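For reference, the structure is listed below as structure tokens.
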Amino acid sequence: MFWQLTLLAYLIGSLSFAILLSRLVGAPDPRASGSGNPGATNMLRLAGKRLAIATLCGDLLKGLLPVLLAAALGLPIEQQSWIALAAVLGHLYPLYFRFRGGKGVATAAGALLGLYPPAALLALAAWLLVFKLSRTSSLAALAALPLCLPLLAWQRPDSLLPMALLAGLIIWRHRGNLRDLIAGRERHF
């Protein structure tokens, strides 16, 4: 059951709501416009609030639903965490879109919400605070992630390894943003 759910989570994670919604309404392909990232922030810039919110909700759900399904089937928290990682990997490297995906923040947030809601709420609060102060989405994402991992590790130690790998992948996907932040070139809202 674990391996089937892991594969299902990856396939669900591979659905890119930014790309699908862009095609549906005739908006520019987010991989070829704006920041080039198929995520909610770029959708906000390219297609407006409605499509950005729809993208955010879709990306959150594809992280949340596989974890909730695994929990409902009685899988232990460690296996739920690996399933969460598979959903995020699907978002980062989607099978359906030539393995060219987003940065995984919203999908990871959805997975965290399923694994341990207080950690997800802490990450959301940190994201909102840093974004309000900096007006920079990437900085907010990079600040929120390290804050929620210690809480998650303390309450759910079995999930530490897959969640640390998840954090590492998200930081890796933001390496260009980190370079731009350091150089003072990162986009602000």
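Numbers here simply count residues along the sequence, with the first being 1. This one's a predicted model, so the numbers in the text were calculated from it and none came from an experiment.
Remark: R23 CZ to L20 CG distance equals 6.5 Å, nearest 0.5 Å. Expressed to the nearest 0.5 Å, how far CZ of R45 lies from OG of S137 amounts to 7.5 Å. Expressed to the nearest 0.5 Å, how far CG of L89 lies from OG1 of T6 amounts to 10.5 Å. A distance of 11.5 Å separates CG of L85 from OG of S159, quoted to the nearest 0.5 Å. Within the model, atoms NE2 of H91 and NZ of K103 stand 10.0 Å from one another, a figure rounded to the nearest 0.5 Å. The distance from atom NZ of K132 to atom CH2 of W127, rounded to the nearest 0.5 Å, is 12.0 Å.
A109 and A120 get closest at one heavy-atom pair: O-CB, 4.2 Å. Taking both residues in full, the closest heavy atoms of S35 and N42 are given as N-OD1, 3.0 Å, listed atom of the first, atom of the second, then distance. Across every non-hydrogen atom of Q80 and L75, the tightest pair is NE2-O, 2.7 Å. Closest non-hydrogen pair, I19 versus F97, comes out as CG2-CE2, 3.5 Å. The minimum heavy-atom distance between G102 and L92, with the atom names listed, is O-CD2, 3.3 Å. Of all heavy-atom pairs between D59 and A106, the closest is CB-CB, 3.7 Å.
When the side-chain hydrogen bond (donor to acceptor under 3.5 Å, both in side chains) test is applied to R98, no partner is found at least two apart in sequence or on another chain.
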Between S22 and M43, does the side-chain contact (heavy atoms from CB on, under 4.5 Å) criterion hold? Intermediate values first, please.
CA-CA 8 Å; S22 293; M43 288 298 286; 3.4 Å; yes

Could you walk me through whether L69 and L8 pass the side-chain contact (heavy atoms from CB on, under 4.5 Å) check?
CA-CA 11 Å; L69 179 59; L8 179 64; 4.1 Å; yes

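By the 4.5 Å heavy-atom criterion applied to side chains, I170 and R173 are not counted as neighbours. Using a 4.5 Å heavy-atom cutoff, the side chains of Y96 and L11 are in contact. Using a 4.5 Å cut-off on side-chain heavy atoms (C-beta onward), V67 and Y116 make no contact. Inter-residue side-chain proximity for P38 and R100 is flagged as unmet; no heavy-atom pair is nearer than 4.5 Å. S81 has its side chain within reach of L115: a pair of non-hydrogen atoms, C-beta onward, lies under 4.5 Å apart. You'll find the side chain of L169 stays beyond 4.5 Å of the side chain of L166, heavy atoms only. L113 has its side chain out of reach of L124: every pair of non-hydrogen atoms, C-beta onward, lies at least 4.5 Å apart. Residues L181 and L142 are in side-chain contact: their nearest non-hydrogen atoms beyond the backbone lie under 4.5 Å apart.
Clustering of Ile, Leu, Val, Met, Phe, Trp and Tyr side chains at separations under 4.5 Å places L56 together with L60.
Under the 4.5 Å side-chain heavy-atom criterion for ILVMFWY residues, no single connected hydrophobic cluster contains both L73 and L61. Clustering ILVMFWY residues whenever any of their side-chain heavy atoms sit less than 4.5 angstrom apart, transitively, puts F17 in a cluster other than the one holding L64. Cluster membership for I77 and L68, using ILVMFWY side-chain heavy atoms within less than 4.5 angstrom, is not shared. Hydrophobic clustering keeps L133 apart from I182 (ILVMFWY residues linked when any side-chain heavy atoms are closer than 4.5 Å, directly or through intermediates). Note on L165 and Y93: same hydrophobic cluster, where clusters join Ile, Leu, Val, Met, Phe, Trp and Tyr whose side-chain heavy atoms are under 4.5 Å apart, directly or indirectly.
Remark: of the listed residues D180, N177, V105, N177 is the sole one forming a side-chain contact (heavy atoms from CB on, under 4.5 Å) with S138. The only member of V25, L44, L46 that meets side-chain contact (heavy atoms from CB on, under 4.5 Å) when paired with L51 is V25.
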